[in-house]
Peer 1: 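Before I ask anything, let me first share the structure, which is written out below as structure tokens.
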Amino acid sequence: MGMFERDTEIYRNRDALREDYQPDELVGRDEELERYKTALQPVINGEQPNNIFLYGKTGVGKTAGTRFLLDHLIEDAAQYEDIDLTVKMLNCDGLSSSYQIATRLVNKFRADSNQISTTGYPRATVYDMLWSELDDCGGTVIIVLDEVDHIEDDSILYQLPRARANGNLSEAKIGIIGISNDFSFRDNLSPKVKSSLCEEELQFPAYDANELIKILSQRAQVAFHEDVVDDGVIELCAAYGAKDAGDARQSLDLLMKTGDLARDYDTDTVTDDLVRDAREELERGRIREGISGLTQHGHLVLYALLTLEQQGETPVRSRDIRPRYTSFAEQVGVDPLVPRRMRDHLGELSMLGIISAVERNEGRRGGTYREYSTDMDVGMILKALEETVEQVGIHESVSEMVDQETTLSEYT
DNA sequence: GTTCCACAGGAATAGACGGGCA
DNA sequence: TGCCCGTCTATTCCTGTGGAAC
């Protein structure tokens, strides 16, 4: 027998569970796509396209829906001789200024051999280059700015929709599609930008469990061989996904992890139990990753909360976490942070989903405050902390402290 | 309706640090 | 090497906020 043996293969096409997989049909977004389609209709009519602003949380099909519709739009527009449609998509992640967006856009229109540098030109020159590229291109041009909330200044969002009205363009008709998962971004736009960019606003709500089931079934059918996936697996993945954030990406990851576990265990069926294992595994990974990105003080704040949790003192408000945190900080020989900064760390921890916060309000008697607790297994987080944090001294001091505290509390 | 509590969290600012560059 | 710049952490000061108490 050889050293390598082929796995019992449950997958037909594992890639179908990946985020970037494009199914032939987009399920679960019927209403949204219908409205989106209506908003794009002017393109086919040969009119000036609407500017569209699209918002919704991560993993609710904004980008996938846009790709899907625009692909069809390009295909259908080709049937009309008087329409010359160009679509350019730009992901603004990692780009912070209008200047950077403008240079990237110019390069999108130019050949690889003719790219411009992303620094060095006066802003007005870059804009002029952009206008001439757009005019050379002519016809209808749709520019999709994904994650548009990463841009910190309005300039390009103001200039682009008005380029034609301002006489910078004579040939091209421009339509902007802005995609954002930050709801407050829209409100923070200056009124003049808001009115032009947000002519059509589309909101993509989170997926509910039924929609997730549809999506997962569709993908699973392609991804797995027949009769490999037990009844209930899909439903369970969807239920977890709907409970957490209504995020399709997350549910798909869970399903894929479950399949991977089944493959690793050499079983030929994907079962409910594996879903639970996979979820724990993903959770562990997420927590480890979150913890590794924290500063020393973040770790100390987390330790403080964890030890309080172990003693049954949670949920606990930040001012009651502080003494514990302060003594931990002293134990490891660092100055404790001011309360304001400590709250930042607590906020960061709850953003990462490692701890949870509930806002409480006792009015004139007690004002508003937040109560923190961990909604996960403390042992698991502690283990992740020990694995991730190499800082000498912390664990020893903390476990010493915990021992003291627990012995103390045993006597009281 | 007004007041007021105690915190939430935004804004301005400073210092440390690291990478790119002449 | 020193300089510049952007990023990250932390501090200080501040305004905002929801609902119980008045």
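A note on names: the letters A, B, ... follow the listed sequences, proteins ahead of strands, and every chain is numbered from 1.
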Peer 1: Short question: side chain of A/Lys62, backbone of A/Gln203 - any donor-acceptor pair under 3.5 Å?
Peer 2: no

Peer 1: Answer yes or no: does a side-chain N or O of A/Arg370 lie under 4.0 Å from OP1 or OP2 of B/dC7?
Peer 2: no

Peer 1: How long is the gap from CD1 on A/Ile321 to CD on A/Glu371, to the nearest 0.5 Å?
Peer 2: 10.0 Å

Peer 1: One thing to verify: whether A/Arg286 and A/Glu283 come together as a salt bridge, which I'm taking to mean a side-chain N less than 4.0 angstrom from a carboxylate O.
Peer 2: yes

Peer 1: B/dA6 C1' sits how many Å from A/Arg360 CZ, rounded?
Peer 2: 14 Å

Peer 1: At under 4.0 Å between heavy atoms, which parts of nucleotides 13-22 of chain C does protein reach? Answer with one letter per nucleotide, 5' to 3': B base, S sugar-phosphate only, - none.
Peer 2: B---BBBBBS

Peer 1: Provide, to the nearest angstrom, the distance between the CD1 atom belonging to A/Ile321 and the P atom belonging to B/dA6.
Peer 2: 18 Å

Peer 1: Polar atom pairs between nucleotides 4-9 of chain C and protein, under 3.5 Å, N or O only, would you list them?
Peer 2:
none

Peer 1: Taking only residues two or more places apart in sequence or in another chain, which ones pass side-chain contact (heavy atoms from CB on, under 4.5 Å) with A/Arg14?
Peer 2: A/Tyr11, A/Met256, A/Asp260, A/Arg263

Peer 1: How many whole angstroms separate atom CZ of A/Arg319 from atom P of B/dC5?
Peer 2: 13 Å

Peer 1: For the residue pair A/Tyr325 and A/Leu337, what are the closest heavy atoms and their distance?
Peer 2: OH-N, 2.8 Å

Peer 1: Between CG of A/Leu73 and CG of A/Leu40, what distance do you get to the nearest 0.5 Å?
Peer 2: 5.5 Å

Peer 1: Is the distance between the ring centroids of A/His299 and A/Tyr303 less than 6.0 Å?
Peer 2: no

Peer 1: Calculate the interatomic distance between A/Met342 atom CE and B/dC7 atom P; express it in whole Å.
Peer 2: 10 Å

Peer 1: Around atom CG of A/Asp335, are there more than 12 heavy atoms of other residues, nucleotides or ligands at under 6.0 Å?
Peer 2: no

